[in-house]
> 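First the structure, then my questions, so here it is.
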Amino acid sequence: ENVLRNLSDKAFNKPICEALLNQKYFNGIGNYLRAEILYRLKIPPFQEARTVLEKLQHREETRFSPPSSEIHMLVSLLQTSGLTLSKKVKLKRENPDLLELCHMVPMEVINLELFQAGQYINAVCGGLVFSGKVEKSEVSKNPEVPFESDGYRISATSRGKELKLTLAPIKGEEDLSSSEKRISATREGNQKPMDLVFRFGMSGSFEMVPVTEMPKHAHLRFYTKEKPLRVLCYVDFRRFGRWEVDGSWQADRGPCVMQEYEKFR
C-alpha cells in the first residue's frame, strides 16, 4: 500500500532504476538488488517508474476485479483446472511481479547481512552476561559508546538496511554476586539501556570470538563476563559502516521490504 497508493509522488517521475533506491518507498533495496530485480523481469532500467508500476497496478486491479461477464468463466476454470493450492502458490512464485521480487530477492541475498546478523547475535548472545565498558578501536571515526555495566545483556533486531543492538543492564541482577551488586550500584549510578543502530556499509558484520582471536578490524567490542573471556565484535575492514548511539530507525525510511511486505506494497 506504501508504493501503489503513492504513485502520484514525484519520486516516480524518475527512471525505475533510480526510484528503486528511494528508501522512503523501497526500504532495503540497494544497487545490486535493483540490478537483480530488473534483470529477472527484463525491465529497461531507464523506463519511467510510474509507467512500470501503473502497469503492475492495472494488472492487479484486473486480476482482483474481473468484469461480471467473466466471473462465471473464471470460477469454472478454477474448478476444472486441477491446480491444488500449493501448485497455485508455486505458480505465483515462479511468475512474481516487481514488488514481489522486491520482497523475495532481499530474502535471498541481503537477508544474509542484516536479518541473519540479528539472528546470529541473538543466538550467540542468548543467556550470556556481558560486562565492563564498550570498547571502540582507535582508528574508527564512529562515536564512542558511553556505556558501562557490571552485567548487561545484548539483543538485536533488524529493519531494512539497519540493525539495532540493545544493551540492557540486568535489573534483577540475579546473575551478579553480592559484592558485584554493591560495586555495580556504586560505579554505574543509573546506567540506562542503550540502543545502537548500525548501517553496515559494504563489509560490516558481527563475530563472537575468544579474546585471543579478536579480528584485526574489530572496531566495536563487547566483552563477556564469563571466563575465558569472549568478545562480540563489530568487524568492518573497509570502515564504511556506521553506528549511532541512542539511535532509532531512520524516519524517512518506508516499510521494510522483507518483514513488512503488505505495508510496503
Side-chain angles (χ1 to χ4, degrees), residues 28 106-107 109-137 140 142-177 180-181 183-185 187-237 239-250 256 258-259:
M107 293 293 284
V109 185
I110 202 169
N111 233 11
L112 300 175
E113 295 179 288
L114 288 150
F115 179 69
Q116 288 190 2
Q119 290 186 319
Y120 169 78
I121 291 167
N122 290 331
V124 299
C125 296
L128 289 180
V129 176
F130 292 78
S131 180
K133 294 182 178 181
V134 176
E135 184 178 86
K136 183 178 80 76
S137 71
S140 174
N142 279 299
E144 295 284 349
V145 177
F147 183 94
E148 182 175 3
S149 172
D150 278 313
Y152 67 98
R153 299 192 188 279
I154 295 178
S155 61
T157 54
S158 65
R159 183 175 185 269
K161 289 184 156 186
E162 301 173 296
L163 182 139
K164 182 186 292 183
L165 211 63
T166 298
L167 314 181
I170 297 172
K171 295 292 185 181
E173 303 192 321
E174 66 277 2
D175 297 88
L176 304 180
S177 67
E180 287 172 331
K181 290 178 186 178
I183 294 171
S184 176
R187 190 173 76 180
E188 289 182 34
N190 295 314
Q191 177 66 68
K192 297 179 180 179
M194 177 180 288
D195 287 333
L196 302 174
V197 174
F198 289 81
R199 299 170 187 100
F200 278 13
M202 296 180 69
S203 59
S205 65
F206 276 91
E207 294 182 29
M208 174 71 89
V209 296
V211 169
T212 55
E213 299 176 16
M214 191 185 303
K216 177 180 178 181
H217 297 283
H219 296 300
L220 202 60
R221 306 146 191 168
F222 309 84
Y223 293 91
T224 63
K225 192 176 186 66
E226 66 178 11
K227 301 292 193 280
L229 287 177
R230 289 190 291 165
V231 56
L232 178 68
C233 305
Y234 172 66
V235 182
D236 187 2
F237 68 91
R239 286 187 269 166
F240 291 162
R242 294 289 179 265
W243 63 76
E244 179 184 349
V245 176
D246 289 323
S248 58
W249 307 126
Q250 287 186 332
C256 175
M258 292 176 285
Q259 300 179 69

> List the atom of A156, the atom of L163, and the distance in Å for their closest heavy-atom pair.
CB-CD2, 4.3 Å
> With heavy-atom distances below 4.5 Å as the criterion, would you say the side chains of V209 and P215 are in contact?
yes
> May I have the step-by-step check of side-chain contact (heavy atoms from CB on, under 4.5 Å) for L232 and F206, ending in yes or no?
CA-CA 7 Å; L232 178 68; F206 276 91; 4.0 Å; yes
> Identify the residue among I170, T224, D150 that makes a side chain to side chain contact (heavy atoms under 4.5 Å, CB included) with F130.
T224
> What distance do Y152 atom OH and C125 atom SG have between them, rounded to the nearest 0.5 Å?
9.0 Å
> Nearest 0.5 Å please: distance from the CG atom of L165 over to the CH2 atom of W243.
11.5 Å
> Hey, which of V145, I121, L167, V231 is the one that makes side chain to side chain contact (heavy atoms under 4.5 Å, CB included) with F222?
L167
> Would you call R153 and V129 a side-chain contact if the rule is heavy atoms closer than 4.5 Å?
yes
> Using 0.5 Å steps for rounding, measure from the OG atom of S248 to the CZ atom of R159.
10.5 Å
> Side chains of L196 and Y234: does their closest heavy-atom pair fall under 4.5 Å?
no
> Is the shortest heavy-atom distance from the side chain of S137 to the side chain of R221 under 4.5 Å?
yes
> Can you check whether M208's main-chain N or O pairs, donor with acceptor, with Y120's side chain at less than 3.5 Å?
yes
> Check whether any side-chain N or O of Q191 sits under 3.5 Å from a backbone N or O of E148 as a donor-acceptor pair, and report yes or no.
yes
> From K136 NZ over to E144 CD, what is the distance, rounded to the nearest 0.5 angstrom?
4.5 Å
> Measuring only between side-chain heavy atoms, which start at C-beta, is F147 closer than 4.5 Å to P169?
yes
> What distance do E213 atom CD and E207 atom CD have between them, rounded to the nearest 0.5 Å?
10.5 Å
> With distance as the sole test, does H219 use its side chain to make a donor-acceptor pair with the main-chain N or O of R239 at under 3.5 Å?
no
> Step by step, work out the side-chain contact (heavy atoms from CB on, under 4.5 Å) result for T157 and W249.
CA-CA 11 Å; T157 54; W249 307 126; 3.7 Å; yes
> Measuring from E244:CD to E162:CD, what's the distance to the nearest 0.5 Å?
8.5 Å
> Less than 4.5 Å apart, side chain to side chain, heavy atoms only: is that true for D246 and M194?
yes
> Please determine, by modelled atom types, if S155 and N122 share a side-chain donor-acceptor pair under 3.5 angstrom.
no
> Do L128 and R230 have side chains that approach each other closer than 4.5 Å (heavy atoms only, starting at C-beta)?
yes
> Please check: side-chain N/O of N142 versus main-chain N/O of G241, any donor-acceptor pairing under 3.5 Å?
yes
> If you look at every heavy atom in V197 and G247, which pair is closest and at what distance?
CG2-C, 3.4 Å
